[in-house]
2 protein chains.
Amino acid sequence: MPKKRILPYIILGILDQNPGSTGKFITNQFKNEIGEFWKASHSQIYPELKKMVEDDWIKQTSDSNNEKEKYYHLTNLGKEKLNSWIDIPITALPVVEDLFSLKLFFIQDPHDPRISTLVNKQLNLLEEQLDHLNDREKMLFNTQEKRSKNYGHYLILERAISRLDNQIKWLKTIKQC
Amino acid sequence: MPKKRILPYIILGILDQNPGSTGKFITNQFKNEIGEFWKASHSQIYPELKKMVEDDWIKQTSDSNNEKEKYYHLTNLGKEKLNSWIDIPITALPVVEDLFSLKLFFIQDPHDPRISTLVNKQLNLLEEQLDHLNDREKMLFNTQEKRSKNYGHYLILERAISRLDNQIKWLKTIKQC
DNA sequence: CGCCCCATGTAATAGGTTACATGATTAA
DNA sequence: TTAATCATGTAACCTATTACATGGGGCG
């Protein structure tokens, strides 16, 4: 009856790319590129890791030097789960929650002064994020080798940038009306 | 502590544009344009309407011919709530849940055959939706008058189309690599 | 030795999804 | 009149968010 669970699969994917990650590292992944496509906070992640260990999707190791940090790795079962999840066909469109567009929707009069306020603030917000992503792109993928080494990572960063760019261009066309 | 409530504000916006809507009508709004920017199902909406009546954000009337259908209208308090909500500055970026991009992210090898399968299926999905939105645009906004009469509605439909178009173009560039 | 910071972890609570239920209207 | 359909409504359950809690490590 509840919503379909997908957080554990994303964690599997992160661990597949970064064996031995800590919970903190996984949390940070959601603050960077992955956050453009899925959100999760540390208070979801830690219990989920615990559950995944119980289910033998991942295993946990620790370092004698640092009792506190725990390192996670995929098990064979986890690898299977990840791969079969990736192969499940996607039938639903991406889901977007966009308060800005909704507010715009509710203002019916083309000359309502609130439109330009809304648009300008949104432009600032989006341009700031675009700068941030452009910086990351320059830092992470400045050579062809780096791009093909982490191709998936490169792709979704490009995707996020393209998406933002499209939003910004569209907003600028509104301003002129 | 829980997530910030925004569903009632969206319902206010819908009722502002369509006084006398039924729960069914509101539910359908979420299946069309609004659904591109926020999701809600009827099992959320009916209890919410009840609560909003109790809080005097909206009032309910009914038709003697049809006992079953209930019609909702904004109260003055509701109008105030809607307007002050629209004026609250937006500080967070739109939230996206996009399984396709995530799966792409987890495939690191540029030559992995699963990439083209994923991409082709996603292209079909997106193009189908684009056709649907283009049809709606032609039907709803084929004259300048219609566009300025429901400007907000027009804007977000354009936004949704532009966004889809951007996704599709980007996917096609991947295919060539 | 003691303080603060930070990674990890937990609790409380509301939000959202799926499935099921009801009762009036419509159509055969 | 009866069956089916459809709008409305409810229930159970899980997810996610925010806030709070803990305890080791590092640094003074």
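Throughout, protein chains are lettered first and strands after them, A, B, ... in sequence-line order, and every chain is numbered starting at 1.
- Atom C1' of nucleotide dT10(C) and atom NZ of Lys51(A) are separated by 17 Å, given to the nearest angstrom.
- In this structure, OG1 on Thr22(A) lies 7.0 Å from CD1 on Ile26(A), to the nearest 0.5 angstrom.
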Full working for ring-ring contact (aromatic ring centres under 6.0 Å, His included) between Tyr151(B) and His111(A) | CA-CA 10 Å; Tyr151(B) 189 61; His111(A) 302 104; 8.2 Å; no
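- Checking the phosphate oxygens (OP1, OP2) of dT8(C), no side-chain nitrogen or oxygen of Lys50(A) falls inside 4.0 Å.
- Figure legend: Lys103(B) and Trp85(A) shown as a cation-pi pair, the cationic atom lying under 6.0 angstrom from the six-membered ring centre and within 45 degrees of its axis.
- A centroid separation of 6.0 Å or more is found between the aromatic rings of Tyr9(A) and Trp38(A).
- Residues from residues 96-106 of chain A that place a heavy atom under 4.0 Å from any atom of DNA chain C: there are none.
- Residues from residues 20-42 of chain A with heavy atoms under 4.0 angstrom of DNA chain C, sorted by number: Thr22(A), Gly23(A), Lys24(A), His42(A).
- A close approach under 4.0 Å does occur between a side-chain nitrogen or oxygen of Gln44(B) and OP1 or OP2 of dT17(C).
- Computed from coordinates, the Tyr72(A) OH to dA7(C) C1' distance equals 11 Å when rounded to whole Å.
- Checking side-chain atoms of Gln17(A) against main-chain N and O of Phe105(B) turns up a donor-acceptor pair under 3.5 Å.
- Judged as a side chain to side chain donor-acceptor pair (under 3.5 Å), the pairs with a partner in residues 136-150 of chain B (not counting sequence neighbours) are, in order, Glu33(B)-Arg136(B), Asn142(B)-Lys146(B), Gln144(B)-Arg147(B).
- Note that OH of Tyr71(B) is 9.5 Å distant from NE2 of His73(B), once rounded to the nearest 0.5 Å.
- With Glu36(A) as the fixed residue, the salt bridge (Lys or Arg N to Asp or Glu O under 4.0 Å) test singles out one of Arg163(A), Arg159(A), Lys31(A): Arg163(A).
- Which of dT10(D), dG16(C), dT8(C) sits closest to the side chain of Tyr46(A) comes down to dT8(C).
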